[in-house]
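Encoded as structure tokens, the structure appears first; notes follow it.
Computed from a predicted model, the values in this text were never measured in an experiment.
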There are 2 protein chains.
Amino acid sequence: MTSSDPIVEALGAAGYRLTGPRRAVAGLIAEYDGHFTAAELEIAARERRLGVSRATLFRALELLTELHVVERLDLPSGEHAYVPCVREHHHHLVCSRCGRVADVEDGALADAVAEIARRSGYRIESHRLELFGLCRHCQAKAGPSA
Amino acid sequence: MTSSDPIVEALGAAGYRLTGPRRAVAGLIAEYDGHFTAAELEIAARERRLGVSRATLFRALELLTELHVVERLDLPSGEHAYVPCVREHHHHLVCSRCGRVADVEDGALADAVAEIARRSGYRIESHRLELFGLCRHCQAKAGPSA
DNA sequence: GTGCCTGTCGAGAATGAGTCTCAATACGTT
DNA sequence: AACGTATTGAGACTCATTCTCGACAGGCAC
């Protein structure tokens, strides 16, 4: 089987071994549109009897985070979640109802950040913008005023 | 003793009792320019024999967060930290070397967020921008190229 | 294809942040 | 000063995450 899965490909390209557990985790992640937590993945893995231990699951997530294939997200609730994502610098727009995640380009934000750097005198090395709201779908369900 | 401490004042204004442990925590927090973690506070409290239990410390932080006197921050390392801050909506610019925190007004960012909302179709409810970099001081120490 | 080296894995113990319980205590009002 | 209630302390508890270490398996060399 050729690795049609981009996550598996990223692992291979970075020189990591393409092991069964890693493929399994990659497969699970590929199914998510929105964010997922480590606990959710663990349950999903257990249900399908993928035989991935918790330690391995966390190791895989750590690895994938390092490769920028998934990104770690801090929800307003304080929970940690992960989102599968593209590798370029970008931000996340998270639906607070259904969890769906949209990627947002840096766009106008880069200018705002440059402006902040100028005014503050800081040399800005990185920034992270997290946006929370309702996606179109959930707005429709919730009604226009809710 | 009149409560000269703005943190203590905020507690009082919100109708909370001004207890010893809360004053102690407020006093500790007032000493920080930059961010601090719950663990750091705990150690500081123990060193000074303030007699503030862990539970109380966390309760105080929760309370102060609710009052927007401190804000919870997620460092790139994944650690949770707190920063003392003003009450209006704003963002944080954290020096990744010394931990000093500067408040940043929303400014141009609000426009960028509105633009994102328009393009994505999401109804954005909240956003959080975290900026990391070197403050002037640390830039000078680190030299122009480091 | 076979073997070997080393990266990776599993199981479960360990860690550590944060929460909870409940009896004891201390605000601050009267 | 007394009282009612908010708050506290101590430590057990939870739950996510990490670590340890012997066993295993991917993939390069031959």
Which side-chain N or O atoms in residues 39-49 of chain B pair as donor and acceptor under 3.5 Å with protein atoms at least two apart or in another chain?
unit_1, atom_1, unit_2, atom_2, d
B:E40, OE1, B:T37, N, 3.2
B:R48, NH1, B:E31, OE2, 2.7
B:R48, NH2, B:E31, OE1, 2.9

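- One interatomic measurement links the two molecules: CG of A:L57 to P of C:dG12, which rounds to 17 Å at whole-angstrom precision.
- Under a 4.5 Å side-chain heavy-atom criterion applied to ILVMFWY residues, the cluster that includes A:V83 comprises A:L73, A:L75, A:V94, A:V101, A:F132 as well.
- Between its opening and closing five pairs, the helix from C:dG1-D:dC30 to C:dT30-D:dA1 changes axis direction by 40°, a value rounded to 10 degrees.
- One can place CD of A:E66 at 15 Å from P of C:dG7, the figure rounded to the nearest angstrom.
- Rounded to a whole Å, the CG atom of A:L50 is 14 Å from the P atom of C:dC9.
- Applying the salt bridge (Lys or Arg N to Asp or Glu O under 4.0 Å) test to pairs two or more places apart or on separate chains, none has a residue in residues 57-72 of chain B.
- For residues 16-39 of chain A, the pairs satisfying ring pair (Phe, Tyr, Trp, His ring centres under 6.0 Å) are A:Y32-A:F36, with sequence neighbours left out.
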Could you run down the sub-3.5 Å N/O contacts of the protein with nucleotides 2-4 of chain C?
none

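- Checked against side-chain hydrogen bond (donor to acceptor under 3.5 Å, both in side chains), B:S120 has no partners two or more places apart in sequence or in another chain.
- A:L131 and A:L134 fall into different hydrophobic clusters, defined by Ile, Leu, Val, Met, Phe, Trp and Tyr side-chain heavy atoms under 4.5 Å apart, directly or through other members.
- A search for side-chain hydrogen bond (donor to acceptor under 3.5 Å, both in side chains) contacts involving B:R100 returns B:D33, not counting sequence neighbours.
- Partners of B:T65 under the side-chain hydrogen bond (donor to acceptor under 3.5 Å, both in side chains) rule, at least two apart in sequence or in another chain, do not exist in this structure.
- Between A:T56 and C:dG10, a side-chain N or O to OP1/OP2 separation shorter than 4.0 Å is present.
- Put simply, CG on B:L63 is 15 Å from C1' on C:dC27, counting in whole angstrom units.
- Atom-to-atom, CZ of B:R46 to P of D:dA10 comes out at 12 Å; the value is rounded to the nearest Å.
- Atom CD1 of B:I43 is separated from atom C1' of C:dG18 by 15 Å (rounded to the nearest Å).
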Could I get a table of every N or O pair under 3.5 Å where one atom is in the protein and the other is in nucleotides 16-27 of chain D?
unit_1, atom_1, unit_2, atom_2, d
D:dT17, OP1, A:H80, ND1, 3.4
D:dG26, N2, A:R17, NH2, 3.0
D:dG27, OP1, A:L18, N, 3.0

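- Residues A:L18 and A:R23 have side chains in contact (heavy-atom distance under 4.5 Å, counting atoms from C-beta outward).
- Here A:R22 reaches the OP1 or OP2 of C:dC9: one of its side-chain N or O atoms lies under 4.0 Å away.
- Listed by first and then second residue, the ring pair (Phe, Tyr, Trp, His ring centres under 6.0 Å) pairs that reach into residues 96-131 of chain A are A:H89-A:H127, A:H91-A:H127, sequence neighbours excluded.
- Sorted by first and then second residue, the pairs that involve residues 56-82 of chain A and meet ring pair (Phe, Tyr, Trp, His ring centres under 6.0 Å), not counting sequence neighbours, are A:H80-B:H80.
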